[in-house]
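Here is the structure we will look at.
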Amino acid sequence: MPINTMRRLTGHQRSAAANRQLGLVLAFVAGAINAGGLLAVGQYTSHVTGMVSSVADNLVLGRQDLVPAVLAAVAAFALGAASTALMVNFARRRRLYSEYALPLLVEAVLLLAFGVLGARVAAPALPFTVGLLCYIMGLQNALVTKLSHAEIRTTHMTGIVTDIGIELGKLVYPNRDRGQAPVLANRRRLALLCALLGAFLAGGLAGALGFNYVGYLSTLPLAALLCALAIVPAFDDLARSFAGGRTKG
């Protein structure tokens, strides 16, 4: 991947095209983690709606012993989102190039640890493993939300499919009312939403196949991809810091 492309995708200077391209890549990664995570820990780790619903179900059905683990998973997702906000705002205050790259580097390191150590610790530390994957999902979802100003989401498809339905409704509206502004679909947005859904599905297929045949090590290519995306802005900051240190010296 060319250096300028990586700098454009995850650098602090954003464009709508870069947001779309990065969103598609991260939707693929999220789909892979979510589907692979189901095989690894027995539950989806980005479906916070389902988690909160399961708290109510477990309370009503008398399974209170399951509630703390679910609440911990929800808290881990929120903590991941909070971590992204902390990193992005920290980088902005210091005018770093890597304000969006830092969360991706953290995600890459955590995926690397999950892939290398997962098979050894997953069974005895299942709640921790679930929490780790939920944290990663929260980290990534908050990152894409911040850099795209909430226009793109990558870790859950409920909003995506809802927006697809809205745009399809506009697309087929007959517009027979004379004298009124026509109802028009945003075809470009519709194409992006469908592409995000397709990328998530493709990632899910890759993640499920990878975990089924390779196991936990199937997350290593995902970690490498995230690292490749984020490493250039991080090196830009290191180079600028090193140059500044030499100038002061």
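Start at 1 with the first residue, then count along the sequence.
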* Asked: Nearest heavy-atom pair of Glu167 and Ala185: which atoms, and what distance?
  -> O-CB, 3.4 Å

* Asked: Mind checking whether Thr158 and Thr49 have side chains closer than 4.5 Å, heavy atoms only?
  -> no

* Asked: CD of Gln64: more than 12 outside heavy atoms within 6.0 angstrom?
  -> yes

* Can you get from Ile3 to Phe235 by hopping between Ile, Leu, Val, Met, Phe, Trp and Tyr side chains that sit under 4.5 Å apart? -> yes

* Asked: Under a 4.5 Å side-chain heavy-atom rule over Ile, Leu, Val, Met, Phe, Trp and Tyr, are Ile152 and Val161 clustered together?
  -> yes

* Asked: Quick one: CZ on Phe200 to CG on Leu205, what's the gap to the nearest 0.5 Å?
  -> 11.0 Å

* Structure fact -> Looking only at heavy atoms, the pair that brings Lys146 and Val88 closest together is CE-CG1, 3.6 Å

* **Spacing of CE belonging to Met51 relative to OG1 belonging to Thr45, to within rounding of 0.5 Å** => 6.0 Å

* Report the C-alpha separation of Leu222 and Phe28 in whole Å, then their side-chain angles, then the decisive distance to 0.1 Å, and conclude whether the side chain to side chain contact (heavy atoms under 4.5 Å, CB included) test is met. => CA-CA 9 Å; Leu222 300 176; Phe28 177 89; 4.3 Å; yes

Distance-only check: which donor-acceptor pairs under 3.5 Å involve side-chain atoms of residues 98-110, not counting sequence neighbours?
unit_1, atom_1, unit_2, atom_2, d
Ser98, OG, Asp237, OD2, 2.4
Glu99, OE1, Arg92, NE, 2.8
Tyr100, OH, Arg92, NH2, 2.8

* To do: Nearest 0.5 Å please: distance from the CG atom of Leu79 over to the SG atom of Cys134.
  => 11.0 Å

* Asked: Should the pair Phe114 and Tyr216 be assigned to parallel (<30°), tilted (30 to 60°) or perpendicular (>60°) ring geometry?
  -> perpendicular

* Do Ile231 and Thr10 have side chains that get closer than 4.5 Å, going by heavy atoms? -> no

* Structure fact -> Rounded to the nearest 0.5 Å, the CZ atom of Phe128 sits from the OH atom of Tyr135 at a distance of 11.0 Å

* Does Leu24 share a hydrophobic cluster with Leu147, counting links as ILVMFWY side-chain heavy atoms below 4.5 Å and allowing steps through other members? -> yes

* Distance-minimising heavy-atom pair for Leu196 and Ala27 -> O-CB, 3.9 Å

* Do the non-hydrogen side-chain atoms of Phe90 and Leu86 ever get within less than 4.5 Å of each other? -> no

* Asked: Would you say the side chain of Leu26 lies within less than 4.5 Å of the side chain of Leu226, judging by non-hydrogen atoms?
  -> yes

* Following the transitive rule for hydrophobic clusters with a side-chain heavy-atom cut-off under 4.5 Å over Ile, Leu, Val, Met, Phe, Trp and Tyr, establish whether Val74 and Ile136 coincide in one cluster. => yes

* Is it possible for you to say whether Val214 and Leu220 belong to one hydrophobic cluster, with membership spreading through side-chain heavy-atom contacts below 4.5 Å? => yes

* Verify the distance criterion only: is there a donor paired with an acceptor across the side chains of Ser46 and Asn34 at less than 3.5 Å? => yes

* Are the side chains of Thr5 and Leu9 in touch, meaning some heavy atoms are under 4.5 Å apart? -> yes

* Got a sec, which pairs hit salt bridge (Lys or Arg N to Asp or Glu O under 4.0 Å) with one end in residues 2-12, sequence neighbours left out? -> Arg7-Asp236

* Structure fact -> Taken in chain and number order and not counting sequence neighbours, the residues that satisfy side chain to side chain donor-acceptor pair (under 3.5 Å) with Arg188 are none

* **Heavy-atom side-chain proximity of Val144 to Arg153 below 4.5 angstrom** => no

* Heavy-atom closest contact (Asn212 atom, Leu39 atom, distance) -> N-CD1, 4.3 Å

* Asked: Would Ile160 and Ile164 count as a side chain to side chain contact (heavy atoms under 4.5 Å, CB included) if you check the C-alpha gap in whole Å, the side-chain angles of each, and the deciding distance to 0.1 Å?
  -> CA-CA 6 Å; Ile160 297 289; Ile164 288 175; 4.1 Å; yes

* Quick check: are there more than 12 heavy atoms from other residues, nucleotides or ligands sitting under 6.0 Å from CZ of Phe211? -> yes

* To do: I would like to know whether Leu201 and Met157 meet side chain to side chain contact (heavy atoms under 4.5 Å, CB included); could you show each step before the answer?
  => CA-CA 10 Å; Leu201 175 61; Met157 294 294 106; over 6 Å; no

* List the atom of Ala223, the atom of Leu111, and the distance in Å for their closest heavy-atom pair. => CB-CB, 4.0 Å

* To do: May I ask you to test the Thr219-Ile33 pair for a side-chain heavy-atom distance under 4.5 Å?
  => no

* Which residues pass the side chain to side chain donor-acceptor pair (under 3.5 Å) test with Thr155, sequence neighbours left out? -> Asn141

* Asked: Out of curiosity, Cys194 SG to Leu168 CG, how far, rounded to the nearest 0.5 Å?
  -> 6.5 Å

* Among Leu59, Val55, Leu71, Asn58, find the one that has a side-chain contact (heavy atoms from CB on, under 4.5 Å) with Leu66. => Asn58

* Inter-residue atom distance Thr84.OG1 - Leu139.CG, 0.5 Å rounding -> 3.5 Å

* Report yes if the side chains of Val48 and His156 come closer than 4.5 Å at any heavy-atom pair, otherwise no. => no

* In sequence, state the C-alpha distance, the side-chain angles, and the governing distance for Leu96 and Arg240, and then conclude on side chain to side chain contact (heavy atoms under 4.5 Å, CB included). => CA-CA 9 Å; Leu96 300 179; Arg240 187 174 68 169; 3.9 Å; yes

* By salt bridge (charged side-chain N to carboxylate O under 4.0 Å, His left out) - contacts of Arg63 (at least two apart) -> none

* Structure fact -> Sequence neighbours excluded, the answer for side chain to side chain donor-acceptor pair (under 3.5 Å) partners of Glu151 is none

